[in-house]
Every structure is written in structure tokens, then in C-alpha cells.
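What follows is a single structure, written as C-alpha cells, with notes after it.
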Amino acid sequence: MTKRSMYFKMIASSLIRRRSRMFVALLAVAVGATILSGLVTIYYDIPRQMGQEFRSYGANFILVPASGEEALSETSAEAAVSLIPSDEVVGIAPYRYETVKINEQPFMAAGTELEEARKASPYWFVSGDWPETDGSVLIGQEVADTIRLLPGNTFTMTGTDGNGESFSREFRVSGVVQTGGTEEAFIFMSMADFVAAMGESGAYDVVECSISAPQTELEDIAASVTERVPDVAPRLVTRVTRSEGTVLTKLQALVFLVTAVVLLLTMICVATTMMAVVAERRKEIGLKKALGAPNRNIILEFMGEGLLLGCLGGVLGVILGFGFAQLIGVNVFSRSVHFQAALAPVTLIASVLITGLACMIPVRSATDVDPAIVLRGE
Amino acid sequence: MSLLEIRGISKIYGNVNALRNVDMTVEQGEWLAVMGPSGSGKTTMMNIIGCMDKPSEGTVLLDGIDISTESARNLTSIRRDKIGLIFQQFHLINYLTALENVMVAQYYHSMPDEKEALQALDRVGLLARAKHLPSQLSGGEQQRVCIARALINYPMLVLADEPTGNLDEANEEIVLDIFRKLHEEGITIVVVTHDPEVAQEAQRTVILEHGRIARIVVNESGKGQEGE
Ligand SMILES: Nc1ncnc2c1ncn2[C@@H]1O[C@H](COP(=O)(O)OP(=O)(O)O)[C@@H](O)[C@H]1O
Ligand SMILES: [Mg+2]
């Protein structure tokens with residue numbers, strides 16, 4: 001048998017055959033590692049997911065006519081849109097608005113690319129379906145309440161087209177939309193239906209864009225639009241983009257703080273346990289010294305036990321930590337977290353380091369034990 | 001040259017004079033007994049001879065080395081190489097088997113060698129118990145594991161502090177038998193005891209009282225003949 005295998009046999013036996021004692025220390029390490037791994041998972045995963053969600057929380061970049069302009073010409077709008085990196089586009093929905101009448105009551109009709117509007121406004125809650133065929137429309141909850149329409153109902157819309165001629169058309173309600181905002185007073189139809197009723201105008205009233213890019217980049221895009229397409233005025237919807245940043249930063253700072261405190265507590269707990277372990281084993285330490293063990297060996301053995309403990313606790317922590325993160329994710333943030341394979345070694349290393357650090361002081365004191373206590377039989 | 005030469009050692013703990021100006025020599029291959037009432041300084045002397053403590057005054061020459069002035073680090077290595085220790089309370093590491101307990105001494109000394117450790121256990125009649133934990137062994141068996149461990153690195157001096165103090169007659173006899181064999185092999189033995197029967201086996205008995213050597217008795221019935 002080599003010295004090394006004897007060494008591992010000794011530290012493994014100490015952990016395995018004294019398991020009731022070592023269990024407490026293992027518990028301390030495992031709980032610390034669990035909370036560490038859980039919080040770090042949340043630290044990385046939840047903001048990542050929330051970020052996506054925030055970004056998809058409606059339009060964050062809007063193109064309107066520059067002051068003095070009546071509307072956005074299609075060519076200017078296209079020129080402006082072409083300045084947005086296409087891989088960052090979530091959805092780009094152009095809108096045209098006209099006043100129309102249903103049962104002699106005035107409402108606002110909006111024509112848009114429904115697919116794009118849906119992508120740019122994922123928070124719209126539609127009861128019924130999004131329109132799929134010509135002649136189907138989405139009506140706001142307010143409109144539905146006023147004229148008592150349900151999905152599946154048909155109604156007649158009247159109005160005047162671009163040439164001043166009046167029209168009257170049948171539409172079918174495919175869905176009723178709730179947004180909690182002004183959209184609830186609108187009737188949304190496909191651009192094709194809108195043009196068929198009101199006629200071609202070659203211009204939009206507004207283009208709403210949802211772009212997955214940080215605030216600074218949005219500002220850059222806005223600047224280049226202002227510069228290159230002067231008749232278009234870009235607007236950042238700062239309410240959403242700003243809060244996205246601050247909420248996530250605050251959340252991460254909080255998690256970071258809690259993680260640091262937990263690590264400190266774990267360290268104290270492991271250090272206390274190891275101190276108790278060392279105190280309890282003074283006789284064994286004295287005996288080993290009496291048998292001729294140099295201080296270096298005593299340190300190596302206790303450190304070995306501590307690090308093995310840290311390793312085991314770390315492995316437990318990785319497994320339990322994922323469960324813990326999942327629990328918090330589901331209960332607090334209402335979403336499940338993904339297992340971050342890259343975090344497993346981080347937890348393991350942190351757990352070993354923390355345990356090693358925590359063992360340092362008690363192990364140092366282990367070398368102070370006087371071998372003479374063995375004969376005295378203290 | 002004597003294996004052990006103690007010259008005028010004293011040991012003072014606070015206001016307790018555990019040893020006062022003790023002179024003593026132990027020859028190579030000698031079997032020496034130390035007796036005396038409780039508190040007379042027997043264990044203190046064993047700790048000093050065993051390189052686990054230093055005298056407050058005086059010099060101790062072990063195999064020609066002055067161990068009264070060596071650093072703790074050097075004392076550890078001298079202890080490892082030259083001394084075999086046997087205690088009254090059979091100090092075994094409770095999470096290691098009998099065999100592993102013997103191998104620990106090899107591990108600190110040089111290389112763990114399972115075959116040799118098994119032979120040592122065989123010598124004390126415990127081959128069948130090699131894989132047992134201390135808690136699965138009787139007091140006598142534990143003491144024999146301790147003896148096997150003390151002998152595994154071929155020490156030149158075996159120190160035993162009341163080795164039979166916690167043992168019954170039968171086990172005491174087994175342990176004494178082992179000591180007799182060691183003596184025949186030429187190993188130097190110093191044994192502290194309260195038991196006159198154990199002391200009688202030795203060649204000489206040093207009697208301590210209040211930290212002083214009260215007298216030295218040469219045993220006619222002892223295994224050897226040489227006196228002072
Ligand atoms: N570490 C110590 N601190 C203070 N006094 C001690 C210490 N060790 C031993 N003594 C005292 O020294 C004296 C001798 O003790 P010891 O050598 O253990 O006696 P024995 O082994 O003969 O019973 C006793 O009075 C004991 O109380
Ligand atoms: Mg004593």
C-alpha cells in the first residue's frame with residue numbers, strides 16, 4: 001500500500017465511520033452549497049429570462065412623423081427600419097388609424113400587420129382568436145363592451161375613404177383584446193382589409209418596433225435614424241427600457257448580497273463545526289503526534305477531511321441547489337429555471353474553498369496539541 | 001555507552017515539582033521497571049524519556065543525542081524512529097481497524113506495509129482480529145494492538161506506562177509474555193507499573209517518591225543479572 005492510498009483510507013474512514021459526527025459538518029456545507037448554487041442559478045437565469053420577457057413587453061422603439069410632417073411615408077419608414085439590425089428585431093408593426101362608425105357610434109380603426117403586431121405586443125390578452133382571414137378583426141374590450149360584441153359576431157362598419165366616398169362593410173369579430181391600455185378602444189384589422197376599406201395612402205401614422213437591444217444601442221439606432229431619415233422621428237419608450245435595466249440590476253444586487261451573507265454564515269458554521277471536531281479529537285491528535293506524526297501530516301489529514309467534506313457538500317449542493325432554485329423560480333418568479341451546467345463546478349469549487357478556508361484556524365490549533373496528554377490520559 | 005542517560009533532571013509545573021534532580025541510566029537491552037505512588041512523577045519521567053516533554057533542568061541523552069535541548073520538530077522525528085509507546089488507556093484511533101491502526105505508525109514512520117503489519121498482529125496473537133474496529137475488541141486485545149503498533153517500526157526503546165493497569169489476570173499474563181519475548185530479542189524496555197508481579201519480571205526496579213528516586217532494587221528473579 002502506498003502512502004497516498006493510506007492517506008485517503010484514513011480520511012475516508014474518518015468521515016465514513018464517524019458519520020453521525022461528520023453529518024453535522026456535511027449538513028452545514030451542503031446547506032451552504034445548496035443556497036449558494038440556488039441563488040447563483042437565480043442570479044444568472046431569472047434575469048436572463050426576465051430580460052427576454054421585459055424586452056418582449058411591447059414596443060420599446062417607435063417611429064412617428066417628424067414635426068411638420070403629416071404622416072410617415074412608406075419609403076421613409078422602410079429606410080428607418082432598415083437601420084435596425086435585423087437579428088435584434090422582435091417585431092415591427094406599422095399602423096394606420098381612421099375614425100369609423102358602428103351603429104352611428106364613432107370608433108378608431110387601426111390597420112396593421114397583425115402577425116408583427118402580435119410579436120411586438122406579446123402581453124395582449126386575446127379572448128377568441130387572432131384574425132386569420134380577410135374580414136376578421138380584433139376589437140378592444142372597451143369596444144366590445146359598448147356595442148355588445150362577442151367573438152364570432154358580425155357587425156357593419158361605415159366611414160369615409162381617402163377619396164371622401166362613404167363605405168359600408170361587414171366584419172366578423174375573431175377575438176376581443178385586453179391590454180390594460182388605450183388599445184382597448186380600437187378595432188384592429190389587417191392592413192389589407194384597412195386598405196380595401198379606406199384606400200391606399202402610401203403612408204403610416206406610426207411604426208411600433210420591439211427590439212431586443214440594450215438602452216445604449218437603442219439610443220444609437222435612434223440617433224442614426226434622426227440623422228439619415230430626417231422626416232422620421234424615433235422615440236424610445238423609456239418607461240419600459242429603463243425599468244428593465246434597474247429592476248434587473250436591483251434584483252441581482254439583492255441576490256449577490258444574500259449570497260455573500262450565506263457564504264459567510266456557511267464559513268462560520270463549518271469553522272465552528274471543525275473547531276468542535278478538532279477539540280473532540282485532541283486525544284487522537286496527541287496520539288498521532290506521539291506516534292511521530294509531524295505537524296504537516298496532522299494538517300494534511302484534517303484539511304483532507306475538510307476538503308472531502310467540502311466536495312461531498314458541494315455535490316449535494318449542486319443537486320439540491322437546482323431544486324431550491326426551481327422552487328424559488330416557480331413560487332416567486334413563476335417560471336422554471338434551466339440547469340446551468342457551468343455553475344456546477346463553480347458551486348463545487350466555492351464549496352471546497354469555503355470549507356478549506358473555514359478549516360484553516362481550527363486545523364492550526366490542532367497542531368498545538370501536546371503529545372504528552374496521551375500518557376496523562378486526560 | 002548507555003542507551004539512556006538521565007543527568008540531574010527536574011520538571012516543574014507551576015509550583016509543583018514533579019521531578020527533582022533525578023539521575024538514572026538504562027543500558028541497551030535492559031528491562032527496567034518504574035514504581036512509585038500516584039503523583040510521584042512516573043508519567044512525567046516517561047514523557048521526558050519519550051521525547052514528548054522536556055525537563056526544566058538537567059540533560060537526557062538518548063542513544064547519544066541530548067533530547068533535553070532538541071526542538072519539538074526534531075523530538076517528533078526522534079520519537080518516530082527510536083521509541084515505541086504503550087499506554088495505560090489503550091489509545092487506538094477508533095475509526096480505523098486493528099490492522100490500519102498498526103499501519104498508521106508505519107505511515108508516519110516510512111511506508112505502510114500491510115504484510116508486515118499483519119505479521120506484527122500475528123505476533124501478539126491477533127491475526128484473526130485484523131479487520132476489527134477497536135470497539136469490537138476486548139480491552140486485552142486493544143492493548144495487544146497497541147503493542148503491535150509500538151513494535152512495528154523496530155524501536156530501540158519501548159516505553160510502557162502502566163500497560164497492564166486496566167487488564168485482568170489472563171490478559172496481563174499475555175502482555176507480560178510478549179514483553180518477555182521482546183526482552184529476549186534484546187529490545188530495551190522501561191515499564192511503569194503499580195503491580196509488584198510485573199515489576200519482578202524486570203531486572204531492576206526504580207522506585208520514585210515525590211519526584212525523587214527513593215531506591216533502586218535489583219531483581220534476583222529478574223530475567224537478567226546486570227545491576228548498576
Ligand atoms: N501538565 C501538568 N501541569 C501541572 N501539574 C502536572 C502536570 N502533569 C503532572 N503534574 C503534576 O506532577 C506530579 C507528577 O505527576 P505524574 O508524573 O503524572 O505522576 P504519576 O504518573 O507518578 O502518577 C503530580 O503532582 C501532577 O499533579
Ligand atoms: Mg502516571
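No hydrogens, no waters, no symmetry mates; every other heavy atom, side chains included, goes into these values. We name chains A, B, ... by the order of the sequence lines, and we start the count at 1 in each one. Quantities reported herein were computed from a predicted structural model and do not represent experimental measurements.
To the nearest 0.5 Å, atoms CZ (A:Arg17) and OG1 (B:Thr97) are separated by 6.0 Å. From A:Glu284, atom CD reaches atom OH of B:Tyr95 across 3.5 Å, with rounding to the nearest 0.5 Å. Between the CG atom in A:Asp370 and the CG atom in B:Asn47 there is a gap of 7.5 Å [rounded to 0.5 Å].
A donor-acceptor pair under 3.5 Å is formed between the side chain of B:Arg79 and the backbone N or O of A:Lys289.
Heavy atoms closer than 4.5 Å to chain A are found in both the backbone and the side chain of B:Ile93. Interface remark: B:Thr76 contributes backbone and side-chain atoms alike to the contact with chain A (heavy atom separation under 4.5 Å). B:Glu100 touches chain A through backbone and side chain together, each having a heavy atom under 4.5 Å away. Both the backbone and the side chain of A:Leu291 come within contact range of chain B, judged by heavy atoms closer than 4.5 Å. Only the backbone of B:Ser110 comes within less than 4.5 Å of a heavy atom of chain A; no side-chain atom from C-beta onward does.
With respect to chain A, the highest number of heavy-atom pairs below 4.5 Å among B:Met46, B:Met111, B:Arg149, B:Glu114 belongs to B:Arg149. By number of non-hydrogen pairs under 4.5 angstrom with chain B, the leading residue of A:Pro294, A:Ser14, A:Gly286 is A:Ser14. Of all the listed residues (A:Ile16, A:Asn297, A:Asn295, A:Thr2), the one sharing the greatest number of non-hydrogen pairs under 4.5 Å with chain B is A:Asn297. Contact count versus chain A (heavy atoms, under 4.5 Å) is highest, among B:Ile78, B:Asp53, B:Asp113, B:Leu133, for B:Leu133.
Pairing each heavy atom of A:Ala290 with each of B:Met52, the nearest pair is CB-SD, 3.7 Å. In plain terms, the two heavy atoms of A:Arg376 and B:Thr44 that are nearest each other are NH2-OG1, 3.1 Å.
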Side-chain donor-acceptor contacts of residues 356-365 of chain A below 3.5 Å, not counting sequence neighbours, with atom names and distances?
{"from": "A:Ser365", "atom 1": "OG", "to": "A:Pro362", "atom 2": "O", "distance (Å)": "2.7"}

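The side-chain heavy atoms of A:Lys9 and B:Pro112, taken from C-beta on, include no pair separated by under 4.5 Å. The shortest distance between side-chain heavy atoms of A:Met6 and B:Val104 falls below 4.5 Å.
Within the structure, salt bridge (Lys or Arg N to Asp or Glu O under 4.0 Å) contacts touching residues 55-74 of chain B (residues at least two apart or in different chains) are B:Asp63-B:Lys82.
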